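Please read all numbers here as calculations on a predicted model, not as lab measurements. First the proteins, then the strands, lettered A, B, ... as listed; each starts at 1.
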There are 2 protein chains.
Amino acid sequence: MTDLSQENTGDAALSVRDRHDLMHHEIRQRICLLDYLPGTRLSEVTLAEEFGTSRTPIRRVLARLEDEGLVQSHHGVGTLVTDADIAELEQVYRLRVELTELTARLDPVPPDAKFLAQFDLLVARGAEIIGKGSPRAFTQFDIDVFQALLQLTGNLPLRQTLERLYFQTKRLWLRAAQEAQLDLQEEFRIFQHELEAIQLALRAGDLEAVAHIQRAHISMSFRRLQQAATGA
Amino acid sequence: MTDLSQENTGDAALSVRDRHDLMHHEIRQRICLLDYLPGTRLSEVTLAEEFGTSRTPIRRVLARLEDEGLVQSHHGVGTLVTDADIAELEQVYRLRVELTELTARLDPVPPDAKFLAQFDLLVARGAEIIGKGSPRAFTQFDIDVFQALLQLTGNLPLRQTLERLYFQTKRLWLRAAQEAQLDLQEEFRIFQHELEAIQLALRAGDLEAVAHIQRAHISMSFRRLQQAATGA
DNA sequence: TCATTTGCTGTTGTACACAAATATTCAACA
DNA sequence: TGTTGAATATTTGTGTACAACAGCAAATGA
């Protein structure tokens, strides 16, 4: 009778885990979109009020974010959004590069028609963002593309690991790029080109090529950042 | 003046995070040594009493274990140690195989004299266990060897990922091996041989060889398990 | 005899009060 | 004027009572 009690009724009757996941994704998103800059203090009571709950579930979510390395709690001080230098970033980037290549080798999932259509929409959206998009809109776009491409591997632990590493680096990349006065418009264009290359490879069903393009994108993106940082 | 207030005083004046880590490692160890078999219900109140605290910190630890995939909480039911079939295990194993090879490629840390001495002790201990060791003692030994070899890479995110994946598979391997009636004594001997091979490679300073031996060990270990499972 | 209901019991989830810890402020004093 | 120290405010950590939920068994009725 009430088999679908979890999915209907809008947002009121969600399961416990779903509620937690929702808050987790929301806060993680804010950190990555730089709504919360590194060093920002996240107040448990403020978040609790905003999400209409008590501190307890919020603390559950913040604990998870702490395990993921995005925040750090200090007794008597607060919960601060973490920061990292280029050296730490490099470690994560180099691991991401290798793991990305594994997506095609380990458990590749051939894209179906629905996926291809979804990706076409993304490419079209990217073309719009190039002209008038803000860094924030671009980052949001980057997140969406990343999560779409993640569906191309059926290896769950690999997906979870890649997702974790992605969010560890993305937010810091944007800030570091701004600090290094990297030409963001140029970065957007490069990303769009790579997206179109991926689109072609997808249509050809060549997942290895997709992975290689992604790999090159991640690697070169960090290299440009590194050069800009040391140059400036 | 009180700079060392975190390390001294035995075990009473530990930091919050240290206390949590201690309980986390203890419970994780119990799961891996099969003190808690898959399906076991972990009672929050019982654990709280055992560790001399309230449910709150225990829940913090169990939440982390749930994020790591070792337990799963159900409202109104309990917190159960998770289980997995061979198919899921295979995904984790194949990822571990690839990541292990990365330890030598990404940020290899040459072993110092202290490390080599420590490893010699491990090899000696392994020789003893072969004769009279229980499956439990062997698993404990395997954990210690794994954590020692983890020090050979300086890439922190890689270490964390490998550790997470290791504990996801190890406990299930032991149970599956027992179910498949795998010859554990033979497995012990094989492991000891590989350990001695690693010892040689370490002395030669050839970290790539160390990684390759480990890689082969993980891969073949799972293959034997798979064959025994399908055969029986 | 079987199906359904109802209450009981035990579990995790949530809310809140309090403890512990730290940063800040401001006054006293050399 | 600079420095020290205590009071205070704010934050996270902990303990605990209660709510929400699931499972089970006994009671109930046809």
Side-chain angles (χ1 to χ4, degrees), chain A residues 1-9 11-24 27 31 36 39-82, chain B residues 1-9 11-24 27 31 36 39-82:
Chain A
M1 299 294 181
T2 57
D3 286 347
L4 56 156
S5 61
Q6 293 192 355
E7 293 293 319
N8 59 2
T9 67
D11 53 31
L14 290 170
S15 82
V16 175
R17 185 140 198 177
D18 290 338
R19 274 200 309 269
H20 284 184
D21 282 352
L22 237 63
M23 292 192 287
H24 174 261
I27 297 178
I31 292 176
Y36 300 145
T40 305
R41 208 181 58 205
L42 304 184
S43 166
E44 294 180 356
V45 285
T46 304
L47 287 172
E49 287 172 2
E50 179 191 339
F51 288 103
T53 179
S54 75
R55 279 179 58 208
T56 309
I58 295 291
R59 282 180 61 75
R60 169 72 175 83
V61 170
L62 290 180
R64 184 170 162 192
L65 289 169
E66 182 166 13
D67 291 337
E68 293 171 347
L70 298 184
V71 305
Q72 204 162 355
S73 291
H74 299 277
H75 191 179
V77 180
T79 301
L80 310 178
V81 177
T82 53
Chain B
M1 296 297 179
T2 58
D3 288 346
L4 58 154
S5 62
Q6 294 190 354
E7 293 293 322
N8 58 0
T9 69
D11 54 29
L14 290 170
S15 84
V16 175
R17 187 142 197 176
D18 290 339
R19 274 201 308 270
H20 285 183
D21 282 354
L22 237 64
M23 292 192 288
H24 174 261
I27 297 177
I31 292 176
Y36 300 144
T40 304
R41 210 181 56 207
L42 304 183
S43 167
E44 295 179 354
V45 285
T46 304
L47 287 172
E49 287 172 2
E50 179 189 341
F51 288 102
T53 177
S54 77
R55 278 179 60 210
T56 309
I58 296 292
R59 284 179 60 75
R60 169 71 175 86
V61 170
L62 290 179
R64 184 170 163 191
L65 290 169
E66 182 166 13
D67 291 337
E68 292 171 347
L70 298 184
V71 304
Q72 203 161 357
S73 292
H74 299 277
H75 190 180
V77 180
T79 301
L80 310 178
V81 177
T82 54

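- Bounding nucleotides for the chain B contact on DNA chain D, 5' to 3', at a heavy-atom distance below 4.0 Å, are D:dG13 to D:dA22.
- Partners of B:H24 according to the side-chain hydrogen bond (donor to acceptor under 3.5 Å, both in side chains) rule, which considers only residues two or more places apart in sequence or in another chain, are B:E68.
- Of the listed residues (B:V61, B:L62, B:L47), just one forms a side chain to side chain contact (heavy atoms under 4.5 Å, CB included) with B:M23, and that residue is B:V61.
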Tell me which donor-acceptor pairs under 3.5 Å the side chains of residues 71-81 of chain B have, and how far apart each pair is, sequence neighbours excluded?
| unit_1 | atom_1 | unit_2 | atom_2 | d |
| --- | --- | --- | --- | --- |
| B:S73 | OG | B:T79 | OG1 | 2.9 |

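- The salt bridge (Lys or Arg N to Asp or Glu O under 4.0 Å) check on B:R55 picks up B:E44, with sequence neighbours excluded.
- When the salt bridge (Lys or Arg N to Asp or Glu O under 4.0 Å) test is applied to B:E49, no partner is found at least two apart in sequence or on another chain.
- B:T46 is linked by a side chain to side chain contact (heavy atoms under 4.5 Å, CB included) to B:S43, counting only residues two or more places apart in sequence or in another chain.
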Classify every nucleotide of nucleotides 9-15 of chain C by which part a protein heavy atom approaches to under 4.0 Å, writing B for the base, S for the sugar-phosphate alone and - for neither, in 5'-to-3' order. -BBBBBB
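- When the salt bridge (Lys or Arg N to Asp or Glu O under 4.0 Å) test is applied to A:R41, no partner is found at least two apart in sequence or on another chain.
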